[in-house]
Amino acid sequence: MKILGACPLDCPDGCSWVVDVQDGKAVGLRGNKEHPVTRGALCVKVNRYLEQVHSPERITHPLRRVGPKGEGRFERITWDEALDEIATRLTGIIAEHGGEAIWPFHGNGSLGYVQGLEGFSGRRFFNALGSSLHEPTICSIAGNTGLNYTLGTAGGMDPEDLAQSKLILLWGTNPLTTGHHIWKFIQDSGAYTVAIDPVRSRTAERCDEHLAPLPGTDAALALGLMHVIVSLGAEDGDFLAEHTEGWPEFRSRVEEYTPERTAEITGLPVERIVALGERIARTRPTAIRVSQGIQRHAGGGMALRTLACLPGVTGDWAIPGGGLHYSTSGHFELDVEGLSRHDLLPHPVRTLSMTRMGEALLDPAGPPVKALFVIAANPVGSNPDQRRVIEGLAREDLFTVVLEHFQTDTADYADIVLPATMQPEHLDVIAAYGNLYLVWNEPAVAPPGECLPTTETFRRLAHRMGLTEPALFESDEELANQVLKNYDIDRLRAEGFLKIEPKPVPQGKLQFVSARAVEDGHDPLAGYTPPADPGDGLVLISAASHYFLNSTFGANPELRRRAGEPRVTIHPDDAAARGISDGDAVTVGNARGSFDAIATVSDAVRPGVAATEKGRWAKHTGGATVNATIAERDSDYGGGAVFHDNRVVITPRTHAADDQAPSASSTLRA
Ligand SMILES: Nc1nc2c(c(=O)[nH]1)N[C@H]1C(S)=C(S)[C@@H](COP(=O)(O)OP(=O)(O)OC[C@H]3O[C@@H](n4cnc5c(=O)[nH]c(N)nc54)[C@H](O)[C@@H]3O)O[C@H]1N2
Ligand SMILES: Nc1nc2c(c(=O)[nH]1)N[C@H]1C(S)=C(S)[C@@H](COP(=O)(O)OP(=O)(O)OC[C@H]3O[C@@H](n4cnc5c(=O)[nH]c(N)nc54)[C@H](O)[C@@H]3O)O[C@H]1N2
Ligand SMILES: [Mo]
């Protein structure tokens with residue numbers, strides 16, 4: 001039997017997949033050939049998804065912690081015991097501290113609207129309790145906000161239109177690792193491709209040209225390119241007059257970014273800036289593919305705001321195959337409010353930001369957090385400032401419930417771990433953020449052991465707590481119908497996927513000057529905001545690993561083997577200055593913490609920049625990962641994270657030093 005499903009992982013591609021079921025067991029999983037983006041192919045990670053489903057390491061029963069927090073010793077308990085204990089603890093906490101002492105911390109483990117994605121499934125329950133709101137700031141919010149200022153939406157061009165582009169700038173994006181299905185459209189176009197990335201990524205290797213600016217300087221580069229275009233008189237006067245606002249003011253700002261000044265800020269040669277500006281000036285349509293990596297800086301929101309102005313100057317927004325693609329989320333008409341039902345809140349409550357977990361657990365502005373639910377997230381692995389996150393999770397007076405598939409670094413700090421179903425075992429619906437398809441996920445097999453869908457866990461908990469609001473007990477199908485109420489659900493369910501109609505971009509006139517930015521206290525004009533880590537050393541970029549998805553798959557034996565040990569890449573000049581040779585063991589650290597890695601000495605990074613990857617598990621790598629070095633600081637817009645605005649000192653680890661301090665490798669420095 002073949003059952004149509006959807007990949008739930010946090011990836012732009014939102015693939016449609018086919019589960020092959022025999023005797024009630026999932027025996028095969030492959031990409032759906034009919035889906036115009038998936039085209040029958042999954043990826044290096046998801047090809048192993050069934051290994052995860054059938055893994056002997058999978059959590060299949062409720063667990064209660066028996067050792068100290070963090071040690072990872074648990075005993076099996078029944079669902080009745082788990083629900084009783086949680087209900088009793090929550091009731092006591094609400095009585096003493098109020099509902100806001102509860103923090104439902106939802107991550108990006110699943111982008112399903114029913115079971116995952118900011119936990120819409122559980123939000124009704126938490127609203128009924130008056131729990132704190134959770135703001136999912138960790139991934140894309142700065143860029144979304146910046147694009148909204150310029151375009152009135154974060155939904156850009158339909159990436160399938162890239163097949164019509166003549167010039168494609170792959171700007172701070174590494175699709176061959178982070179969402180490879182777009183590559184086919186890029187290849188189909190035959191366009192000239194330019195990668196703009198401080199690191200020569202897998203994608204940059206395959207482009208016609210690669211420019212490596214200093215991290216966090218992209219907005220200056222965009223302004224410099226617009227300067228060249230305007231100097232040539234190649235701006236689109238009709239588009240500017242009819243479809244934009246604030247051009248005269250913005251033009252003055254563009255004029256400040258001469259190629260010389262741009263070169264100074266970005267660290268790129270003047271000739272390369274001029275040559276690319278000239279190429280853009282003479283090539284229609286030009287498309288920009290930009291994704292989340294570029295906005296993990298102090299000026300990340302401004303970077304997207306300004307990049308979206310470039311196709312406004314050239315008029316590319318009006319040409320099929322021209323414009324900018326960041327995320328397609330803004331095009332979907334999903335009834336998220338009807339799903340999460342904030343009207344169930346008994347009174348207004350505070351909002352806690354996902355990226356500020358250390359602060360919220362250790363030093364909150366309002367009432368203390370006394371109960372933490374971690375749902376489809378692994379903050380020890382993926383949040384900034386690992387040491388403070390761990391310190392917060394280790395608090396003896398914090399009651400922590402983790403809903404998981406695997407015993408992650410975070411689950412080790414739980415009081416209660418609850419076993420969650422995986423994608424072939426529950427109903428869900430996905431809206432891709434890198435194309436325009438909705439994807440349906442039909443349950444294919446029964447869950448192992450006592451795993452429950454997240455929705456069912458909260459239905460049972462609501463019942464146990466004596467709540468009676470009918471909305472808390474709606475079925476998964478009812479929830480899916482609610483969120484999809486604007487679409488043909490029967491067709492979606494029958495065919496497995498459905499392409500939606502994109503909305504016009506920009507919405508109304510493109511805003512070089514944004515009244516909304518002013519309302520939020522920002523520069524009226526698009527421009528450039530420099531990076532901000534005040535520390536010394538190299539700028540460390542920790543982007544996506546080819547073999548993990550954030551920290552998901554981090555314990556898959558084959559993918560771990562293929563990923564190898566943690567590495568940090570440094571330029572030969574920087575390596576020589578530090579006495580580091582290729583293959584040396586090094587410590588990478590700053591005032592926040594440190595981790596161990598093996599040095600790769602290579603010109604794949606520009607001088608001044610170091611590169612490593614996200615996604616490792618701290619318990620596999622001596623107790624700390626790259627996230628131990630990252631500051632819990634907000635980006636300019638929306639409270640996004642600044643994972644790549646991070647300065648580190650890299651020092652060789654000698655054998656002698658190892659002998660003296662065997663645990664130096666795993667020390668999380670205060
Ligand atoms: N295999 C795999 N795929 C993934 C993920 C994963 O962990 N593994 N993560 C998923 C998630 S959650 C997301 S949000 C997306 C992210 O998708 P991407 O944005 O493509 O991924 P990143 O690797 O974070 O960043 C892309 C590139 O940005 C570069 N970069 C960093 N800082 C700057 C800068 O200041 N300027 C410029 N120009 N470039 C910069 C990095 O060197 C990197 O090569 O990928 C998704 N797909
Ligand atoms: N250094 C550095 N750190 C980063 C980034 C970076 O670029 N550099 N990128 C950041 C980005 S873009 C993101 S999006 C975040 C992601 O951070 P998180 O949202 O914390 O993602 P993961 O670390 O993959 O953890 C997801 C967990 O959810 C579990 N899970 C999956 N599906 C389900 C489900 O259906 N139910 C339940 N209960 N659990 C499930 C998985 O087993 C996994 O342990 O990481 C961020 N961290
Ligand atoms: Mo992300």
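When a residue number appears, it is its place in the shown sequence, counting from 1. For ligands, and for the atoms within them, numbers begin at 1 and follow the listed sequence.
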Item to check | Mode of Thr173 contact toward ligand 1 - side chain, backbone, both, neither (heavy atoms, under 4.0 Å) | outcome: both
Next on the checklist: Going by the closest heavy atom to atom 43 (C) of ligand 2, which one wins out of Arg58, Glu404, His405?
Outcome noted: Glu404
Checklist entry - Between Val199 and ligand 1, is there a nitrogen or oxygen pair with a distance under 3.5 Å? => result no
Next on the checklist: If I apply the N/O under 3.5 Å rule, does Phe548 come out as touching ligand 1?
Outcome noted: yes
Next on the checklist: Which residue and atom name correspond to the protein heavy atom nearest atom 20 (O) of ligand 2, and how close is it?
Outcome noted: Asn378 N, 2.8 Å
Next on the checklist: Between ligand 2 and Leu9, can you find any atom pair, the residue atom being a heavy atom, that is separated by under 4.0 Å?
Outcome noted: no
Checklist entry - Should you measure from each heavy atom of Asp218, which atoms of ligand 1 turn up under 4.0 Å away? => result 34 (C), 35 (O), 36 (N), 37 (C), 38 (N)
Item to check | Proximity to ligand 2 by part of Thr410, non-hydrogen separation under 4.0 Å | outcome: neither
Checklist entry - So is His644 in contact with ligand 2, going by heavy-atom distances below 4.0 Å? => result yes
Checklist entry - Which atom pair, heavy atoms only, marks the closest approach of Pro419 to Thr60? => result CB-C, 3.7 Å
Checklist entry - Side chain or backbone of Tyr433 under 4.0 Å from ligand 1, or both, or neither, by non-hydrogen atoms? => result side chain
Checklist entry - By number and element, which atoms of ligand 1 are closer than 4.0 Å to a non-hydrogen atom of Gly216? => result 34 (C), 35 (O)
Checklist entry - Considering only protein heavy atoms, which is closest to atom 38 (N) of ligand 2, and at what distance to one decimal place? => result Leu403 O, 2.9 Å
Item to check | Whether Phe458 and Phe373 hold their rings parallel, tilted or perpendicular, with breakpoints at 30° and 60° | outcome: tilted
Item to check | Heavy-atom donor-acceptor pair, Gln115 side chain to Thr454 backbone, under 3.5 Å | outcome: yes
Item to check | Per-atom contacts of ligand 2 with Gly107, taking only distances under 4.0 Å to non-hydrogen atoms | outcome: 19 (O)
Checklist entry - What part of Ser545, side chain from CB on, backbone N/CA/C/O, both or neither, has a heavy atom under 4.0 Å from ligand 1? => result backbone
Checklist entry - For the residue pair Trp617 and His620, does the interplanar ring angle fall in the parallel (under 30°), tilted (30 to 60°) or perpendicular (over 60°) class? => result parallel
Next on the checklist: What I want to know is whether Thr217 and ligand 1 share at least one N or O pair that is separated by under 3.5 angstrom.
Outcome noted: no
Item to check | Closest protein heavy atom (residue, atom, distance) for atom 24 (O) of ligand 2 | outcome: Thr552 OG1, 2.8 Å
Item to check | Asn627 side chain vs Ser382 backbone, donor-acceptor pair below 3.5 Å | outcome: yes
Next on the checklist: Counting non-hydrogen protein atoms only, what is the nearest one to atom 5 (C) of ligand 2? Give residue, atom name and distance.
Outcome noted: Lys614 CD, 3.3 Å
Checklist entry - So which protein heavy atom does atom 39 (N) of ligand 2 come closest to, and at what separation? => result Ala376 CA, 3.2 Å
Checklist entry - Side chain of Thr178, backbone of Asn174: donor and acceptor closer than 3.5 Å? => result yes
Checklist outcome for this item: A student checking ligand 2 against Ser110 at a 4.0 Å heavy-atom cut-off should list atoms 32 (N), 35 (O)
Checklist outcome for this item: Short version for Ile541: what comes under 4.0 Å of ligand 1, heavy atoms counted, is side chain
Next on the checklist: With a cutoff of 4.0 Å, is Gly615 in contact with ligand 1, counting heavy atoms of the residue only?
Outcome noted: no
Next on the checklist: Only heavy atoms of Leu549, strictly under 4.0 Å: list the atoms of ligand 2 that pass.
Outcome noted: 24 (O)
Checklist entry - Which ligand 2 atoms does Ile138 reach within 4.0 Å, using its non-hydrogen atoms? => result 13 (C), 14 (S), 15 (C)
Checklist entry - Would you call the rings of His134 and His106 parallel, tilted or perpendicular, where under 30° means parallel and over 60° means perpendicular? => result perpendicular
Item to check | Within 6.0 Å of CD in Glu558, more than 12 heavy atoms from elsewhere | outcome: yes
Checklist entry - Using the ring of each side chain (for Trp, its six-membered ring), is Tyr528 parallel, tilted or perpendicular to Tyr257, with breaks at 30° and 60°? => result perpendicular
Checklist entry - Where on Ala544 is there a heavy atom closer than 4.0 Å to ligand 1, on the side chain, on the backbone, on both, or on neither? => result both
Checklist entry - Which of the atoms in ligand 2, numbered in the order shown and given with their element, are less than 4.0 Å from a heavy-atom of Ala420? => result 36 (N), 37 (C), 38 (N)
Next on the checklist: If we set the cut-off at 4.0 Å for heavy atoms, which region of Tyr547 has an atom near ligand 1: side chain, backbone, both, or neither?
Outcome noted: neither
Next on the checklist: If the cut-off is 4.0 Å to any non-hydrogen atom of Thr408, which atoms of ligand 2 fall inside it?
Outcome noted: 44 (O)
Checklist entry - Is ligand 1 under 4.0 Å from a heavy atom in the side chain of Gln292, in the backbone, in both, or in neither? => result both
Next on the checklist: What protein heavy atom lies closest to atom 47 (N) of ligand 2? Include the residue and the distance to one decimal.
Outcome noted: Ser382 O, 2.7 Å
Next on the checklist: Can a donor-acceptor pair be found, under 3.5 Å and without considering hydrogens, that links the side chain of Thr306 to the backbone of Gly527?
Outcome noted: yes
Checklist outcome for this item: The closest protein heavy-atom partner of atom 21 (O) of ligand 2 is Asn550 CB, 3.9 Å
Checklist outcome for this item: Counting heavy atoms under 4.0 Å, the part of Ala377 that contacts ligand 2 is both
Item to check | Ligand-residue contact atoms, ligand 1 with Arg296, heavy atoms, under 4.0 Å | outcome: 14 (S)
Next on the checklist: Within ligand 2, which atoms have a heavy atom of Asn108 less than 4.0 Å away?
Outcome noted: 14 (S), 19 (O)
Checklist outcome for this item: Per-atom filter on ligand 2: closer than 4.0 angstrom to a heavy atom of Asn627 are 1 (N), 2 (C), 3 (N)
Checklist entry - Who gets closest to atom 26 (C) of ligand 1 by heavy atom: Pro531, Cys139, Cys43, Gly172? => result Gly172
